[in-house]
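Written below as structure tokens is the structure these notes are about.
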Amino acid sequence: NWGIALPSEEVNEMYSYSQPSPHGDGVRYHIIDYPAGDETAQTQNIVSQLEKIFGDGSPPTEAQMLYADQLLDAVGIPEEYIPDWRQCKLVYLVQKDGSELYLFCCGETGTVYVVESFL
């Protein structure tokens with residue numbers, strides 16, 4: 001939906017929430033863990049792909065962190081699955097209909113947090 005291709009190899013989806021309404025709108029949340037600190041060629045390829053996606057990313061603003069927390073709280077995501085957003089880089093996209101993507105990456109752990117709000 002967003003034109004972003006996350007690495008598909010060595011994917012460990014740690015958490016997933018996707019309960020769209022009959023109209024396809026709603027909040028979706030995924031936590032994807034990639035191997036970090038490993039020197040294999042495959043891991044280096046994953047790191048390279050993530051660097052391409054998040055290379056222009058920036059630290060999230062206070063407003064962006066608060067909004068992501070509000071979205072996840074509204075659908076009952078347990079607190080233990082919500083990271084400290086300040087430790088992440090953010091790629092933010094919005095579509096013409098107002099749907100939003102908050103793509104957070106914690107480079108130290110190799111974890112990607114995908115927060116989507118579809119309208």
Side-chain angles (χ1 to χ4, degrees):
N1 293 339
W2 300 100
I4 296 176
L6 290 171
S8 59
E9 57 274 340
E10 293 195 42
V11 173
N12 179 19
E13 188 169 32
M14 298 173 58
Y15 186 84
S16 180
Y17 173 87
S18 183
Q19 298 289 326
S21 77
H23 304 289
D25 58 349
V27 174
R28 296 184 184 115
Y29 182 55
H30 304 277
I31 303 173
I32 303 166
D33 193 44
Y34 295 98
D38 185 337
E39 296 299 322
T40 66
Q42 187 169 11
T43 299
Q44 292 303 315
N45 184 44
I46 291 169
V47 168
S48 176
Q49 289 177 55
L50 290 175
E51 286 175 351
K52 286 179 186 175
I53 295 168
F54 291 97
D56 292 330
S58 60
T61 66
E62 289 294 324
Q64 289 169 325
M65 292 185 289
L66 179 62
Y67 188 65
D69 285 340
Q70 289 172 342
L71 287 172
L72 299 179
D73 187 50
V75 294
I77 303 300
E79 196 169 308
E80 64 264 21
Y81 293 109
I82 302 173
D84 179 358
W85 303 121
R86 291 180 290 270
Q87 304 299 314
C88 301
K89 281 184 124 180
L90 172 66
V91 171
Y92 170 75
L93 299 173
V94 64
Q95 294 179 338
K96 290 180 184 180
D97 68 355
S99 296
E100 298 174 290
L101 171 69
Y102 292 83
L103 195 59
F104 296 91
C105 181
C106 182
E108 291 180 16
T109 62
T111 306
V112 174
Y113 303 87
V114 182
V115 181
E116 298 173 283
S117 175
F118 290 99
L119 299 180

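The basis for the numbers below is simple: all heavy atoms, side chains too, and nothing from hydrogens, waters or symmetry mates. Everything numeric in this text was worked out from a predicted model, so none of it was measured.
Here the side chain of Ser99 pairs a donor or acceptor atom with the backbone of Leu119 at under 3.5 angstrom. Listed for the Tyr29 side chain is a donor-acceptor partner under 3.5 Å among the backbone atoms of Tyr81.
The shortest heavy-atom contact between Gln49 and Pro7 is OE1-CA, 3.3 Å. Closest of all the heavy-atom pairs between Tyr15 and Ile77 is OH-CD1, 3.6 Å. Scanning all heavy atoms of the two residues, the minimum distance from Val91 to Ile53 falls at CG2-O, 3.5 Å.
Under a hydrophobic clustering in which Ile, Leu, Val, Met, Phe, Trp and Tyr are joined whenever their side-chain heavy atoms come within less than 4.5 Å, directly or via other members, Tyr67 and Ile82 fall into the same cluster. Connection of Trp2 to Leu6 is established within a shared hydrophobic cluster, with ILVMFWY side chains joined at heavy-atom distances below 4.5 Å, either directly or through further cluster members. Under a hydrophobic clustering in which Ile, Leu, Val, Met, Phe, Trp and Tyr are joined whenever their side-chain heavy atoms come within less than 4.5 Å, directly or via other members, Met65 and Leu93 fall into different clusters.
The CD atom of Gln87 sits 10.0 Å away from atom OH of Tyr113, with the distance rounded to the nearest 0.5 Å. To the nearest 0.5 Å, the span separating CG on Leu103 from NE2 on His30 amounts to 11.0 Å. With values rounded to the nearest 0.5 angstrom, Ile4 atom CD1 is found 5.5 Å from Leu101 atom CG. Atom CE in Met14 sits 11.0 Å away from atom CD1 in Ile32 (nearest 0.5 Å). Between the CZ atom in Phe118 and the CD atom in Gln95 there is a gap of 6.5 Å [rounded to 0.5 Å]. For the atom pair Ile31 CD1 and Thr111 OG1, the distance stands at 8.0 Å (nearest 0.5 Å).
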Intermediate values then yes/no, side chain to side chain contact (heavy atoms under 4.5 Å, CB included), Val75 and Gln19: CA-CA 9 Å; Val75 294; Gln19 298 289 326; over 6 Å; no
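No more than 12 heavy atoms of other residues, nucleotides or ligands shown are found within 6.0 angstrom of CD on Glu108. Counting heavy-atom neighbours within 6.0 Å of Glu79 CD, excluding the residue itself, gives a total of 12 or less.
At least one side-chain heavy atom of Val115 sits less than 4.5 Å from a side-chain heavy atom of Trp85. Two residues are said to be in side-chain contact when any heavy atoms from C-beta on lie closer than 4.5 Å; Phe104 and Val112 fail this criterion. Residues Tyr17 and Leu72 are not in side-chain contact: their nearest non-hydrogen atoms beyond the backbone lie 4.5 Å or more apart. Side-chain atoms of Glu9 and Asn45, non-hydrogen and from C-beta on, do get closer than 4.5 Å to each other.
Annotation: salt bridge (Lys or Arg N to Asp or Glu O under 4.0 Å) contacts involving residues 81-107, sequence neighbours excluded, comprise Asp84-Arg86.
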